[in-house]
Amino acid sequence: RKAKTFVNRLLEDTSIGRKVIWNQIDKMVAKNTNGKYPAPYGIIQCVQYGLENPASRYENERKQFARLAATPESEALIGIFDGMTQMKKHNFGADAARPVNQVAVMGAGLMGAGIAQVTAEKGIHV
């Protein structure tokens, strides 16, 4: 195992260093979530608690999970997931697909030109 550098020992093995690390983690989570999601903060709390109290870390994790599962954010995210899953399970049938013989492309920018080129190369009238 590679020996820790002086800076790593200072950050990881001292209470002040760990406080600096957790402070930076909180700032990063706040920036990425705009403070709107409680789960990342719950995860951070579980990790902190687990490092300091290894004997009861699973009990704390279970409590945090139960608390987070009952939040409005959790309910909304589960609803989004369920809706997206239902959208993937369409029942249009096998006859819903029709052969494409002609394509119209609106716009001649980079994307439109690329679509027109690829489509023409496939032998479809553009």
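Please read these numbers as outputs of a predicted model, since none were measured by experiment.
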What's the spacing between [X] [atom1] and [Y] [atom2] if we round to 0.5 Å?
X	Y	atom1	atom2	answer
Gln64	Ile43	CD	CD1	10.0 Å
Glu61	Cys46	CD	SG	5.0 Å
Ile44	Ile25	CD1	CD1	6.0 Å

Could you please spell out the steps behind the side chain to side chain contact (heavy atoms under 4.5 Å, CB included) verdict for Tyr37 and Leu77? CA-CA 10 Å; Tyr37 297 100; Leu77 290 169; 4.1 Å; yes
Hphob cluster co-occupancy, [X] + [Y], side-chain heavy atoms under 4.5 angstrom:
X	Y	answer
Tyr41	Met28	no
Val20	Leu10	no
Val7	Ile21	yes

Can you name the closest pair of heavy atoms from Ser56 and Tyr49 and give their distance?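 Looking at all heavy atoms of both residues, the closest pair is OG-OH, 2.9 Å.
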Within residues 62-76 or reaching into it, pairs that qualify as salt bridge (Lys or Arg N to Asp or Glu O under 4.0 Å) - sequence neighbours excluded: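 Matches after skipping sequence neighbours: Glu59-Lys63.
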Pairs where residues 9-25 contributes a residue and the test salt bridge (Lys or Arg N to Asp or Glu O under 4.0 Å) is met, not counting sequence neighbours: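 For residues 9-25: Lys4-Glu12, Lys4-Asp13.
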Polar side-chain atom of Ser74 near backbone of Ala70 as donor-acceptor pair, under 3.5 Å: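 Between the backbone of Ala70 and the side chain of Ser74 there is no qualifying donor-acceptor contact (under 3.5 Å).
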Please confirm whether the backbone N or O of Leu68 pairs with a side-chain atom of Thr71, one donor and one acceptor, at under 3.5 Å?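 Such a contact is found between Thr71 side chain and Leu68 backbone.
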Cut-off 3.5 Å, side chains only: do Gln117 and Glu121 have a donor facing an acceptor?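 Yes, side-chain donor-acceptor contact under 3.5 Å.
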Hydrophobic side-chain clustering at under 4.5 Å (ILVMFWY, transitive links): who's grouped with Val126? Put none if nobody.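 Its cluster partners, ordered by chain and number, are Val100, Val103, Val105, Met111, Ile115, Ile124.
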Would you say that Asn60 contacts Phe65 through its side chain, given a criterion of any heavy-atom pair below 4.5 Å between the two side chains?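 SC-SC contact between Asn60 and Phe65 ruled out.
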Would you say CD1 of Ile16 has more than 12 non-hydrogen atoms from neighbouring residues, nucleotides or ligands within 6.0 angstrom?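 No, the 6.0 Å shell around CD1 holds no more than 12 heavy atoms from other groups.
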